[in-house]
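Sequence lines set the chain letters: A, B, ... in the order given, protein chains first and strands last, and positions in each chain run from 1. None of these values were measured; they are calculated from a predicted model.
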Protein chains: 2
Amino acid sequence: MQPIPINDPEDPRVAAYRDVRERDLAGRQGRFVAEGKVVLNVLFAARRFEAESVLVLENRLAGLAATLAAAPSDLPVYVASGAVMDAIAGFHIHRGILAIGRKRAPLSVDETLATLPARALVIALVGISNHDNMGAIFRNAAAFGADAALLDDTCCDPLYRKAIRVSVGAVLKVPFTVGGNAQDLAAGLARRGFGQIALSPNGVADIRDIPRSNRMALFLGTEGEGLPAPLLSQLQTARIAMAEGFDSLNVAAASAVALHRLRDG
Amino acid sequence: MQPIPINDPEDPRVAAYRDVRERDLAGRQGRFVAEGKVVLNVLFAARRFEAESVLVLENRLAGLAATLAAAPSDLPVYVASGAVMDAIAGFHIHRGILAIGRKRAPLSVDETLATLPARALVIALVGISNHDNMGAIFRNAAAFGADAALLDDTCCDPLYRKAIRVSVGAVLKVPFTVGGNAQDLAAGLARRGFGQIALSPNGVADIRDIPRSNRMALFLGTEGEGLPAPLLSQLQTARIAMAEGFDSLNVAAASAVALHRLRDG
């Protein structure tokens with residue numbers, strides 16, 4: 001692998017890195033911006049994603065040798081000075097490591113579920129529109145060994161730059177797919193034999209009393225509205241018991257508590 | 001209570017709201033900026049804090065009537081147009097509700113612990129330097145009924161504007177005090193009969209196997225460094241079991257899992 005020096009911020013070879021903040025808007029097209037060494041390691045190990053190129057600060061290149069050794073040998077590695085890198089990206093790139101990634105052919109909900117083992121834990125996300133929460137939920141899902149994530153059409157894109165960063169790369173690790181509304185996800189899960197739990201502040205059961213079954217899905221809704229009423233009336237519901245007078249848990253924190261309860265081992 | 005119209009951004013009566021972002025730096029002086037109706041409700045109910053004044057967007061005043069009814073009748077309530085409010089604050093105030101709060105006389109670690117009941121749960125924070133994490137940890141502490149928080153000298157200020165916002169006001173609800181280093185906190189807790197658990201990725205016990213005792217303190221350290229080695233060698237340590245290959249949990253998520261395990265009820 002021969003690093004390619006970039007001296008001109010307008011160099012067309014680094015066009016994908018131009019104005020990285022604007023690029024975020026293009027997330028749904030299946031391309032995304034990965035930042036930092038930890039995320040790059042996850043990207044190179046991911047089966048559902050591939051790197052298009054890497055852009056590295058010249059004084060970070062040596063420290064990245066082991067990471068880049070895991071990349072395809074024909075991956076373009078662009079190297080720039082701090083001034084050139086910041087001029088390309090449009091703001092200061094603190095960590096000095098960027099990559100453009102690309103989604104391989106996406107799987108449907110059913111295809112995703114079909115790949116899972118007989119014992120599996122899935123999260124189903126409905127209306128999660130905040131990128132910090134999305135990233136944090138994926139980080140928790142990876143930490144507690146969730147096998148896949150299903151997203152309804154109203155969720156934000158996990159491949160948004162900030163969501164990837166907050167997830168520490170977990171959005172590239174936990175297989176996810178976007179498909180339909182909450183009812184569609186529930187129907188798809190039922191067809192594949194998944195028991196389904198809807199987490200809600202008004203849930204009937206305490207999450208501590210929910211037994212783990214072989215195939216299990218946990219529905220998480222947006223903080224403001226919660227999960228849609230038709231879904232809640234259709235699924236078994238569970239709550240996380242809280243102190244009186246401060247009945248408020250961030251959805252990412254709630255996912256950590258619930259996934260820790262339901263995980264294996 | 002008679003609202004006071006403010007038409008000039010330079011009006012000296014709203015000097016405390018000028019350039020709110022800069023004001024954050026003054027957090028340690030015991031004054032802070034609270035944002036939004038939910039936080040304002042917590043502030044008015046807090047015993048350890050008091051409001052100095054409120055600055056409200058004119059079209060938000062009516063919706064704030066019930067909240068303001070809980071405030072002292074001599075509290076100055078300044079009312080401004082959106083243009084004037086943004087000019088005062090130095091950026092767009094989305095929610096249209098700001099308040100300046102003030103800490104009453106702070107208590108020492110020992111005074112804080114002395115106020116607690118025979119059965120109590122305390123968090124001890126060491127080196128938490130990220131305001132999002134600080135706010136999120138307090139939100140979890142309030143949700144799971146923690147009775148107090150002790151902070152070492154290297155923690156960031158929970159009264160920083162963003163930490164208050166992320167906590168949804170919990171930093172004004174869960175009593176906290178800053179005192180010394182991690183060893184000082186441990187010594188102070190021991191004197192008051194608190195059993196102490198240090199949460200660490202390499203902890204000896206699984207957090208699920210830690211029995212809840214009457215007086216219990218949970219130590220949480222920064223994500224990068226973790227808790228200091230001398231403290232870990234001195235206390236009982238506990239880990240949160242995670243999936244192999246992604247041994248990474250945000251400290252706020254870890255606090256949610258551990259506090260949910262240790263809480264009463």
>> Please identify, among A/Ala146, A/Ala136, A/Ala253, the residue contributing the most non-hydrogen atom pairs under 4.5 Å to chain B.
In response: A/Ala253
>> Taking side chain as everything from C-beta outward and backbone as N, CA, C, O, which of these in A/Leu259 sits under 4.5 Å from a heavy atom of chain B? Side chain, backbone, both or neither.
In response: neither
> Does a side-chain heavy-atom distance below 4.5 Å link B/Arg263 with A/Met242?
Replying inline: no
>> Please check if the number of heavy atoms outside A/His94 that lie under 6.0 Å from its NE2 is greater than 12.
In response: no
> Taking the side chain as C-beta and beyond, is there a heavy-atom pair between B/Val257 and A/Arg261 under 4.5 Å?
Replying inline: no
>> What part of A/Ala252 gets within 4.5 angstrom of chain B, counting heavy atoms only: side chain, backbone, both, or neither?
In response: neither
> To the nearest 0.5 Å, what is the distance between CZ (A/Phe144) and CD1 (B/Ile240)?
Replying inline: 5.5 Å
> Which region of A/Ala170, side chain (C-beta onward) or backbone (N, CA, C, O), has a non-hydrogen atom less than 4.5 Å from a non-hydrogen atom of chain B, or is it both or neither?
Replying inline: both
> At their closest point, which heavy atom of B/Ala243 faces which heavy atom of A/Ala142, and how far apart are they?
Replying inline: CB-O, 3.5 Å
>> I need the minimum non-hydrogen distance between B/His260 and A/Ala241, along with the two atoms involved.
In response: CD2-O, 4.3 Å
>> Just so I know, are the side chains of A/Asn250 and B/Arg139 near enough to count as touching, which here means a heavy-atom distance under 4.5 Å?
In response: yes
